[in-house]
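Here's the structure we're looking at; comments come further down.
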Amino acid sequence: MIRRYSDYPMYELDYTPVRYENLNDYFIRYKETRDVKYFDEFLYFYEPTLERNICNFCRQYGLENNKKEDLKQIFAALLWEELQDYDSDIPLLQIIKFKVLKAWHEYVRTNCGNVIIENSNQYATLRKVAALYYQQPKDKPLDDMVKEIAAELNISENNVRRCIITSSRFKQEFNLDIHNQANECEIHSLITDKDTSTLSPETIYFINRQREKLHSALNELSDKDKMLIELIYGICPDCLGNKERKTLREASLLVGLTESGAEQKVKNILKKLKKALLE
């Protein structure tokens, strides 16, 4: 029986299975016996390789480590589905390789960005533009880069510019804008402690500047408004440290407002904070 863990290893077993030299033999044994233990045993032995592949994928596309478990589950689900009809001399892992990569990218498009990419075609164009853009010399004029990328990909210069802006906002480390009440986690993500060891000096500077702006904007709020933000978002207005968060209903009672009144007040506060961050 497989025990699920939140981090590696995820596919641990409560017994020591026999290791086949050819991992594809586990799939063949499953097809012969329909015993799910062979599928579990494959995952047990393959997980170190899967972990490395996922770590590389996360590193390449700027994903946080908490996405790894989802990517593993996507891999396992696709593998299981393909295994049911598997009847080929080609190793199963080779057959599903591109399906898994496509599914991972679809997960990134729909779950991991700060902007909405409406479909897979737009996401594919975004990746192509971003790959060419970030390969360019830093001192090269932007207009020259845009023209060259547009010509190479046969798309408009306006489309290239939109993709460049979107790509810079898509990665999680650029999750720094306060958009609206519907996406309330944005403000919390701005002050969450980040591992800066992998960030560029420019990105670290940008994060610190945004934190300074947020701190100043919070200090300009009334005491009641600061308390409301502190309760709902779990942010200390003085040090930007994390605190326990309350529901909107709990927060409204604590500051002496109706729930609808607190909701409207929060919307107004967010507009002020957004304006301050964009200045």
Side-chain angles (χ1 to χ4, degrees), residues 1-131 153-155 163 166-167 170-172:
M1 183 179 76
I2 290 182
R3 298 193 298 272
R4 303 298 186 187
Y5 293 94
S6 61
D7 200 358
Y8 172 78
M10 181 173 167
Y11 299 112
E12 193 61 81
L13 297 172
D14 54 13
Y15 65 94
T16 303
V18 175
R19 183 182 183 96
Y20 297 136
E21 183 175 349
N22 187 341
L23 291 179
N24 204 63
D25 288 344
Y26 289 100
F27 306 135
I28 296 173
R29 292 289 292 161
Y30 168 78
K31 296 294 290 186
E32 292 174 346
T33 65
R34 289 292 171 175
D35 189 337
V36 73
K37 78 170 188 175
Y38 293 108
F39 181 75
D40 292 346
E41 289 174 2
F42 165 80
L43 291 175
Y44 172 80
F45 286 118
Y46 187 70
E47 185 166 17
T49 300
L50 180 60
E51 176 78 9
R52 288 195 298 273
N53 292 340
I54 287 176
C55 285
N56 290 335
F57 183 85
C58 290
R59 189 180 307 111
Q60 182 175 359
Y61 294 101
L63 305 184
E64 295 177 345
N65 285 335
N66 61 11
K67 304 298 183 184
K68 292 196 300 182
E69 182 172 327
D70 288 346
L71 296 177
K72 286 185 180 183
Q73 294 286 45
I74 290 171
F75 169 84
L78 284 174
L79 180 65
W80 176 255
E81 180 180 357
E82 196 72 26
L83 178 58
Q84 305 313 304
D85 299 318
Y86 178 55
D87 184 17
S88 173
D89 293 332
I90 301 174
L92 182 56
L93 286 178
Q94 185 174 337
I95 292 175
I96 71 163
K97 177 179 179 180
F98 292 106
K99 289 185 179 181
V100 170
L101 188 59
K102 182 179 179 181
W104 282 354
H105 277 299
E106 185 65 10
Y107 172 79
V108 172
R109 180 181 75 82
T110 57
N111 293 277
C112 302
N114 304 309
V115 292
I116 297 175
I117 312 297
E118 293 185 355
N119 55 60
S120 56
N121 289 334
Q122 288 184 2
Y123 180 63
T125 300
L126 175 67
R127 288 172 53 210
K128 291 177 183 177
V129 171
L153 298 180
N154 194 28
I155 58 177
C163 286
T166 301
S167 68
F170 186 81
K171 286 187 176 182
Q172 292 182 354

First locate atom [atom1] of [X], then atom [atom2] of [Y], and finally report the distance between them rounded to the nearest 0.5 Å.
X      : Y      : atom1 : atom2 : answer
Tyr123 : Glu106 : OH    : CD    : 9.0 Å
Asn22  : Phe27  : CG    : CZ    : 9.5 Å
Ile74  : Leu101 : CD1   : CG    : 11.5 Å

Can you name the closest pair of heavy atoms from [X] and [Y] and give their distance?
X      : Y      : value
Thr125 : Cys163 : CG2-SG, 4.1 Å
Ile90  : Ser88  : N-OG, 3.0 Å
Arg109 : Ser120 : NE-N, 3.8 Å
Ala76  : Tyr11  : CB-OH, 3.6 Å

- prompt: Can you name the salt bridge (Lys or Arg N to Asp or Glu O under 4.0 Å) partners of Glu32, sequence neighbours left out?
  reply: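 Only Arg29 meet the salt bridge (Lys or Arg N to Asp or Glu O under 4.0 Å) criterion with Glu32.
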
State, yes or no, whether a side-chain contact exists between [X] and [Y] at a heavy-atom distance under 4.5 Å.
X      : Y      : answer
Gln122 : Asn119 : yes
Tyr86  : Ile95  : yes
Tyr44  : Arg19  : no
Met10  : Gln73  : yes
Ile28  : Asp25  : yes
Leu71  : Lys68  : no
Glu47  : Lys72  : yes
Leu93  : Phe42  : yes

- request: Test side-chain contact (heavy atoms from CB on, under 4.5 Å) on Glu51 and Ile54 and set out the steps.
  value: CA-CA 5 Å; Glu51 176 78 9; Ile54 287 176; 5.7 Å; no

message: Counting the benzene-type ring for Trp, do Phe75 and Tyr46 have ring centres under 6.0 Å apart?
response: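 Between Tyr46 and Phe75, which both carry aromatic rings, the centre distance is below 6.0 Å.
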
- request: Mark yes when over 12 heavy atoms from residues, nucleotides or ligands other than Lys128 sit less than 6.0 Å from its NZ; otherwise mark no.
  value: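 No - once you tally the heavy atoms of other residues, nucleotides and ligands closer than 6.0 Å, there are 12 at most.
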
- request: Please step through side-chain contact (heavy atoms from CB on, under 4.5 Å) for the pair Trp104 and Val108, ending with a clear verdict.
  value: CA-CA 6 Å; Trp104 282 354; Val108 172; 5.6 Å; no

Show the atom names and distances, to 0.1 Å, of all donor-acceptor pairs under 3.5 Å that link a side chain in residues 77-84 to residues at least two apart or in another chain.
| residue | atom | partner | partner atom | Å |
| --- | --- | --- | --- | --- |
| Glu82 | OE1 | Lys99 | NZ | 2.9 |
| Gln84 | OE1 | Tyr30 | OH | 3.0 |
| Gln84 | OE1 | Arg34 | NH1 | 3.3 |
| Gln84 | NE2 | Trp80 | O | 2.8 |

field: Any side-chain donor near an acceptor of the partner, Glu41 and Tyr15, under 3.5 Å
entry: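 Tyr15 and Glu41 do have a side-chain donor-acceptor pair below 3.5 Å.
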
message: Run Ile155 and Val129 through side-chain contact (heavy atoms from CB on, under 4.5 Å) and show every step you take.
response: CA-CA 10 Å; Ile155 58 177; Val129 171; 3.9 Å; yes

